[in-house]
2 protein chains.
Amino acid sequence: MEEKNYCYKYPHPSVTTDCVIFGYEDMKLKVLLIERGLEPYKGKWAFPGGFVKMDESVEEGARRELKEETGLETNMIEQFYCFSDPQRDPRERVISVAFLALVKMSEVHGGDDAANARWFNLDEIPQLAFDHDRMLRMALQKLRERIHFRPIGFELMPEKFTLKQLQMLYEAILDVRFDRRNFAKKMLHFDILTQLEETVWPTPKREAYLYSFNKEKYDELKQKGFRLEF
Amino acid sequence: MEEKNYCYKYPHPSVTTDCVIFGYEDMKLKVLLIERGLEPYKGKWAFPGGFVKMDESVEEGARRELKEETGLETNMIEQFYCFSDPQRDPRERVISVAFLALVKMSEVHGGDDAANARWFNLDEIPQLAFDHDRMLRMALQKLRERIHFRPIGFELMPEKFTLKQLQMLYEAILDVRFDRRNFAKKMLHFDILTQLEETVWPTPKREAYLYSFNKEKYDELKQKGFRLEF
DNA sequence: TCAAAAGTGTTCTCCCTACACCCATGG
DNA sequence: CCATGGGTGTAGGGAGAACACTTTTGA
């Protein structure tokens with residue numbers, strides 16, 4: 001018999017965090033999911049997350065759970081919505097603060113510690129537990145919103161990349177197609193990209209310049225507020 | 001001796017809502033605050049809010065508390081951040097979901113039921129309880145963000161108004177000045193305003209047309225997504 | 001007769017869009 | 001020699017910003 005030592009005058013909900021983690025690889029936007037081993041929703045997939053401890057903020061909790069369950073760490077993690085439908089968890093009242101996180105898949109390969117964690121393409125999402133399908137839709141919406149105001153590529157791209165690669169990231173996230181030349185002009189115009197000496201041969205046809213993000217310019221623009229039209 | 005009948009295996013935080021309520025009157029953006037009658041922070045001012053019940057979502061809780069504590073109801077209320085610093089409440093662990101609400105002050109005058117509730121101009125905010133000063137700053141930021149994508153005037157303006165009045169609302173919220181003619185052109189261009197037959201004499205100098213919002217056009221634009229540049 | 005408020009229109013400029021040309025490589 | 005991919009430049013259109021004229025009233 002388990003002991004219940006924490007007693008209150010009024011009923012208290014549980015508070016959890018859930019992390020919608022986006023990555024980018026092979027020209028595809030991907031999401032990290034964990035297969036549930038326990039009821040309810042056993043065998044279904046869900047976002048990593050867990051209970052918030054009494055001595056940590058929800059941000060700290062989200063980062064901790066992310067690390068514990070997947071081994072991943074990230075610079076970009078932010079809350080985007082609090083899910084609080086009284087019936088959202090069949091066991092008990094659980095209020096969950098959902099986070100949007102971005103990771104560089106190029107750096108963390110094999111970093112998905114949990115054996116039951118897997119990256120999914122957006123068009124191959126399996127059935128999700130709880131209200132996590134709605135969570136995913138809202139996270140994606142938030143990501144698309146964010147991309148207009150912040151050069152999120154910073155967090156999803158490898159250190160060095162070609163303009164084409166960056167364009168494909170934007171196209172994957174927004175699900176649109178851009179004109180090659182206009183896209184380059186627009187990105188270079190903000191001065192947040194540094195053209196490197198280095199080149200690569202993305203195809204055997206022709207070599208392409210590599211670029212890196214200019215963190216200083218980026219931080220400067222983040223302060224002023226900047227708007228990227230698409 | 002009070003009884004504590006709700007027991008859990010692990011400690012649970014309390015979950016509350018807080019409402020940052022904006023109104024607009026006398027060419028000023030205003031915020032509704034309630035004076036605290038109890039410790040902690042007795043005598044300090046705070047946003048209306050309270051504990052979330054077990055059978056309601058945070059949205060429902062926020063609306064309920066708003067109604068209970070101020071008598072106000074609103075169409076526009078949305079969460080904007082979850083405040084969760086473990087130390088934010090000196091009594092116990094309290095996680096609060098903060099809401100942004102807009103009310104038409106022209107319709108609710110005298111509607112502040114609570115004797116200890118008062119509207120404050122933004123430049124006359126008294127000392128606030130808990131982390132509510134940070135809450136206010138973030139709410140204001142969110143409001144300014146929102147105004148670029150939604151004709152929030154709907155919720156803050158009276159039914160009928162002049163272009164000048166609408167302009168002054170935008171100027172009050174964003175703390176900038178606009179060219180009279182360009183502002184009118186921009187607003188009319190979206191087709192969300194209906195020019196009425198009616199006129200008023202805002203000054204004894206000359207009469208001005210009254211306008212009302214065109215809800216249909218507004219809903220149409222809200223779906224498509226629209227962007228108001230400033 | 002003059003100042004103040006409001007209604008209306010024009011021009012300039014810049015940025016976004018669409019689109020074309022050049023060059024190098026591998027087959 | 002030609003198809004493919006990538007680097008660069010140009011013309012047109014639309015929307016925002018700057019700006020001027022007219023009308024009406026009260027002092």
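In what follows, chains carry the letters A, B, and so on, assigned in the order in which the sequence lines appear, proteins first and then strands, with residues in each chain numbered from 1.
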Sequence neighbours left out, what passes side chain to side chain donor-acceptor pair (under 3.5 Å) with [X]? Give chain and number order.
{"X": "B:Ser84", "result": "none"}
{"X": "A:Glu35", "result": "none"}
{"X": "A:Gln195", "result": "none"}

**Prompt:** With sequence neighbours left out, which residue pairs that include part of residues 135-152 of chain A fulfil the side-chain hydrogen bond (donor to acceptor under 3.5 Å, both in side chains) condition?
**Reply:** A:Glu78-A:Arg146
**All pairs passing side-chain hydrogen bond (donor to acceptor under 3.5 Å, both in side chains) where residues 56-66 of chain B contributes a residue, at least two apart** = A:Tyr81-B:Glu59, B:Glu56-B:Arg64, B:Glu59-B:Gln79, B:Arg64-B:Glu68
**Asked** What are the bounds, 5' to 3', of the part of DNA chain C that sits under 4.0 Å from heavy atoms of chain B?
**Response** C:dA4 to C:dT10
**Asked** Centre of A:Phe183's six-membered ring, under 6.0 Å away, within 45 degrees of the axis: is that where NZ or CZ of A:Arg180 sits?
**Response** no
**Message:** Run the ring-ring contact (aromatic ring centres under 6.0 Å, His included) test against B:Tyr218 and tell me which residues pass, sequence neighbours left out.
**Reply:** B:Phe154
**Request:** Can you sort out the partners of A:Phe47 under ring-ring contact (aromatic ring centres under 6.0 Å, His included), two or more places apart, ordered by chain and number?
**Result:** A:His132
**Message:** Generate the contact string for nucleotides 5-18 of chain D. Rules: B means base contact, S means sugar-phosphate contact only, - means no protein heavy atom under 4.0 Å.
**Reply:** BBBBBB------BB
**Request:** Quick one: list whatever passes side chain to side chain contact (heavy atoms under 4.5 Å, CB included) with A:Lys205, sequence neighbours left out.
**Result:** A:Thr203
**Asked** Quick one: side chain to side chain contact (heavy atoms under 4.5 Å, CB included) partners of A:Ala101, sequence neighbours excluded?
**Response** A:Ile21, A:Thr74, A:Ile77
**Asked** Near DNA chain D, which residues from residues 165-174 of chain A have a heavy atom under 4.0 Å away?
**Response** none
